[in-house]
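Input: a single structure, listed below in structure tokens.
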Amino acid sequence: MNFKSVAIDGPSGAGKSTISRKVAEDLGFIYVDTGAMYRVIGLFSLTNELDLTKIDIGMKYIDGVQHMYLNGTDVTEDIRRHEVSKAASDVSARPEVRAFLLESQRKLARENNVIMDGRDIGTVVLPNADCKIFLTASVEDRAQRRFLELRSKGSEVTYETVLEDVTKRDFNDTNRAIAPLKPAENAIIVDTTDYSLEKSIDVLKNTIMDKLGDDIKQC
């Protein structure tokens, strides 16, 4: 079977996970949040010396939702904590971590129709993806979305702190030596600044369908 792959890259807070998950559901694709894999390693690093031989990352789809496991424990909620975001950014800059995850990500795309999001999917992980998209929004818009998400979960974080963290993460992601964040050469830029979630989902889905054309009907 000729599986199709959609690579979605973009900065922190662009809504990649939320939007991509819904679009994948609508199109019948498997959604792969590669950032969650880095978050699992980041979570481990908060309380342990980073030793990749002691990390077993699991992924299961329960009712269409991706659940992440660290050494057999479901950490799907834990990896969304604010401090884990920074830890994930830190570990993602380490080449040994990226190499550790690369093959498992490519294997998912070889064996499934996937929408995969992250920071270097179109440039490094899936350079031959059938559709490449760079999903972005203004830094202020992204910080506001992240702030509201954290507050809805009971966090006492301030908007100013989130804006500072998002700005710092942008710098780290775009300036790291290994696989820096940037649009793939043939990526379609989708800017969702001031878009509602519903409009963002519609725009991304239509962009993918326009790109894949009749191929998407055969998936």
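These figures come from a predicted structure and were not determined experimentally.
With sequence neighbours left out, E49 forms a salt bridge (charged side-chain N to carboxylate O under 4.0 Å, His left out) with no residue at all. Every side chain to side chain donor-acceptor pair (under 3.5 Å) that K107 has, sequence neighbours left out, goes to E111. For S138, the side chain to side chain donor-acceptor pair (under 3.5 Å) test picks out no residue, with sequence neighbours left out. Legend: residues meeting side-chain contact (heavy atoms from CB on, under 4.5 Å) with E149, ordered by chain and number and at least two apart, are R146, K153. Applying the side-chain contact (heavy atoms from CB on, under 4.5 Å) rule to F100 yields the partners I41, L52, I57; only residues at least two apart in sequence or on another chain are considered. With sequence neighbours excluded, no residue satisfies side chain to side chain donor-acceptor pair (under 3.5 Å) with S104. With sequence neighbours left out, the salt bridge (charged side-chain N to carboxylate O under 4.0 Å, His left out) criterion links D26 to K22, K205. Residues passing the salt bridge (charged side-chain N to carboxylate O under 4.0 Å, His left out) test with E96, sequence neighbours excluded: R94. For the side chain to side chain donor-acceptor pair (under 3.5 Å) test, residues two or more places apart in sequence or in another chain that qualify with R119 are D173.
Taking CD of Q66 as the start and NZ of K60 as the end, the distance is 13.0 Å to the nearest 0.5 Å.
For residues 83-92, every residue pair satisfying the salt bridge (Lys or Arg N to Asp or Glu O under 4.0 Å) rule, not counting sequence neighbours, is listed here: R81-E83, K86-D90. For residues 29-41, the salt bridge (Lys or Arg N to Asp or Glu O under 4.0 Å) pairs, not counting sequence neighbours, are D33-R80. Sorted by first and then second residue, the salt bridge (Lys or Arg N to Asp or Glu O under 4.0 Å) pairs involving residues 184-198 (not counting sequence neighbours) form an empty list.
Here the side chain of D9 pairs a donor or acceptor atom with the backbone of I121 at under 3.5 angstrom. Side chain of Y61 to backbone of Y31: a donor-acceptor contact under 3.5 angstrom is found. For K132 (side chain) and G122 (main-chain N/O), a donor-acceptor pair under 3.5 Å exists by modelled atom type.
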Check your understanding: Would I115 and V23 satisfy side chain to side chain contact (heavy atoms under 4.5 Å, CB included), going step by step from the backbone distance to the final call?
Key -> CA-CA 8 Å; I115 291 182; V23 172; 3.8 Å; yes
Exercise for review: Report the C-alpha distance between T34 and L101 in whole Å, list the side-chain angles of each, state the deciding distance to 0.1 Å, and finish with yes or no for side chain to side chain contact (heavy atoms under 4.5 Å, CB included).
Suggested key: CA-CA 9 Å; T34 63; L101 294 176; over 6 Å; no
Practice item. Carefully, step by step, assess R169 and D165 under the rule salt bridge (Lys or Arg N to Asp or Glu O under 4.0 Å). Key: CA-CA 6 Å; R169 186 162 189 181; D165 287 348; over 6 Å; no
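Residues V97 and V32 share a hydrophobic cluster, clusters being chains of Ile/Leu/Val/Met/Phe/Trp/Tyr side chains in contact below 4.5 Å. Residues I19 and L148 fall into different hydrophobic clusters, defined by Ile, Leu, Val, Met, Phe, Trp and Tyr side chains chained together at heavy-atom separations under 4.5 Å.
Heavy-atom minimum distance, D120 versus A179: OD2-CB, 3.2 Å.
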